[in-house]
Amino acid sequence: MSKTIERPAPADAQIHYLDAPAQPDVAALAAYWERKRGTRRMPDRQDIVPAEIVRLLPYLHISEVLDGGGDFRFRIFGTALVNLIGAELTGKRLSELGQPSALIVDAVAAKGRWSELTTRAYKSARPVYATGYFVNTVHRHVQWHAFSAPLTAAGDEIAQMLGGIFFSDQH
């Protein structure tokens, strides 16, 4: 017997950008990024110490910038994200997210939202906060809260992106 998945209304599938973090875990990650930044424009990847943010790690991803911000390759992809989308993306490009997944109902839309959010943070060279909804085959509606921010890698240019996606089941 096949289970019917209800899709959110198109307006709910959109990204809603925020001026500041509105969810506690996003606020914690943003505060961590700010502490590590100090007086610089952005922190360096070496400043990010996993042992300092253990509680947030399952929801985090770090990606390297490819093609001048045209794509991103995941270097770290948290276990909660793997469980949410049904795919391990460590070592893969963000552009590969549009491939069919066991859990994502509309992988192309998910890739578009993720790419838009990451690209916005890359181009603005500052943190971006957003929220929205999506549907997967386990949860009917999932509300997500996201953070994306740039990192340098032993230089002044953006080389990597730090992101976090925190979610709640919205049956």
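Remember, predicted model here, so these are calculated numbers, not experimental data.
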Does Asp67 form a side-chain contact (heavy atoms from CB on, under 4.5 Å) with Arg93? I'd like the steps, not just the answer.
CA-CA 11 Å; Asp67 306 325; Arg93 290 176 173 242; 3.4 Å; yes

### Query
Is there side-chain contact between Lys92 and Phe77, with heavy atoms separated by less than 4.5 Å?
no

Run the numbers on Gln23 and Thr131 for side-chain contact (heavy atoms from CB on, under 4.5 Å), then give the verdict.
CA-CA 9 Å; Gln23 194 266 356; Thr131 189; over 6 Å; no

ask   = So do Phe72 and His61 actually touch side chain to side chain, heavy atoms under 4.5 Å?
value = no

Heavy-atom neighbours of Arg126 CZ exceed 12 at 6.0 Å:
no

With a 4.5 Å cut-off on side-chain heavy atoms, are Glu116 and Thr119 touching? no

Smallest heavy-atom separation, Pro150 atom then Pro43 atom, equals O-CD, 4.1 Å

Which of Asp156, Thr152, Asp47 passes side chain to side chain donor-acceptor pair (under 3.5 Å) with Arg40? Answer is Asp47

Checklist line | Atom CD of Glu88 with >12 non-hydrogen neighbours under 6.0 angstrom | finding: yes

All heavy atoms of Ala159 vs all of Ala153, minimum pair found to be CB-CB, 3.5 Å

In this structure, CG of Leu94 is separated from CD of Glu64 (nearest 0.5 Å) by 12.5 Å

Is there a path from Ile62 to Leu66 through hydrophobic residues (I, L, V, M, F, W, Y) whose side chains come within less than 4.5 Å of each other?
no

Tell me, do Val82 and Thr90 make a side-chain contact under 4.5 Å, heavy atoms counted? no

CZ of Arg120 to OG1 of Thr118, rounded to nearest 0.5 Å, is 11.5 Å

All heavy atoms of Ser148 vs all of Ala121, minimum pair found to be O-CB, 3.4 Å

For this session: Report the C-alpha separation of Leu162 and Leu29 in whole Å, then their side-chain angles, then the decisive distance to 0.1 Å, and conclude whether the side-chain contact (heavy atoms from CB on, under 4.5 Å) test is met.
Result: CA-CA 10 Å; Leu162 170 64; Leu29 184 55; 4.1 Å; yes

- Minimum side-chain heavy-atom gap Phe147-Tyr129 below 4.5 Å: yes

Query - Residues Arg37, Glu34; criterion salt bridge (charged side-chain N to carboxylate O under 4.0 Å, His left out); working and verdict - result: CA-CA 5 Å; Arg37 179 176 74 92; Glu34 287 291 341; 2.8 Å; yes

With a 6.0 Å cut-off on the ring centroids, do Phe167 and Tyr59 count as close? yes

Output for pair (Trp114 CH2, Ile165 CD1), nearest 0.5 Å, gives 4.0 Å

Looking only at heavy atoms, the pair that brings Phe166 and Val26 closest together is CD1-CG2, 3.6 Å

Note to self: Could you check whether any side-chain heavy atom of Ile53 comes within less than 4.5 Å of a side-chain heavy atom of Ile48, counting everything from C-beta outward?
What the structure shows: yes

| Min side-chain heavy-atom separation Leu151-Lys36 under 4.5 Å | no

For Ala130 and Tyr17, the nearest pair of non-hydrogen atoms, with its separation, is CB-CD2, 3.9 Å

When rounded to the nearest 0.5 Å, the distance separating NE2 of His16 from CD of Gln143 is 9.0 Å

Rounded to the nearest 0.5 angstrom, the CG-NE2 distance for Leu18 and His145 is 9.5 Å

| message | Donor-acceptor pair, distance only, cut-off 3.5 Å: does the side chain of Asp71 make one with the backbone of Ser95? | response | yes

Checklist entry - Is there side-chain contact between Ser63 and Arg75, with at least one heavy-atom pair below 4.5 Å? => result no

- Message: Does Trp33 form a side-chain contact (heavy atoms from CB on, under 4.5 Å) with Met42? I'd like the steps, not just the answer.
- Response: CA-CA 8 Å; Trp33 186 90; Met42 66 196 75; 3.7 Å; yes

Interatomic distance, CG@Leu57 vs CD@Glu52, rounded to 0.5 Å, equals 10.5 Å

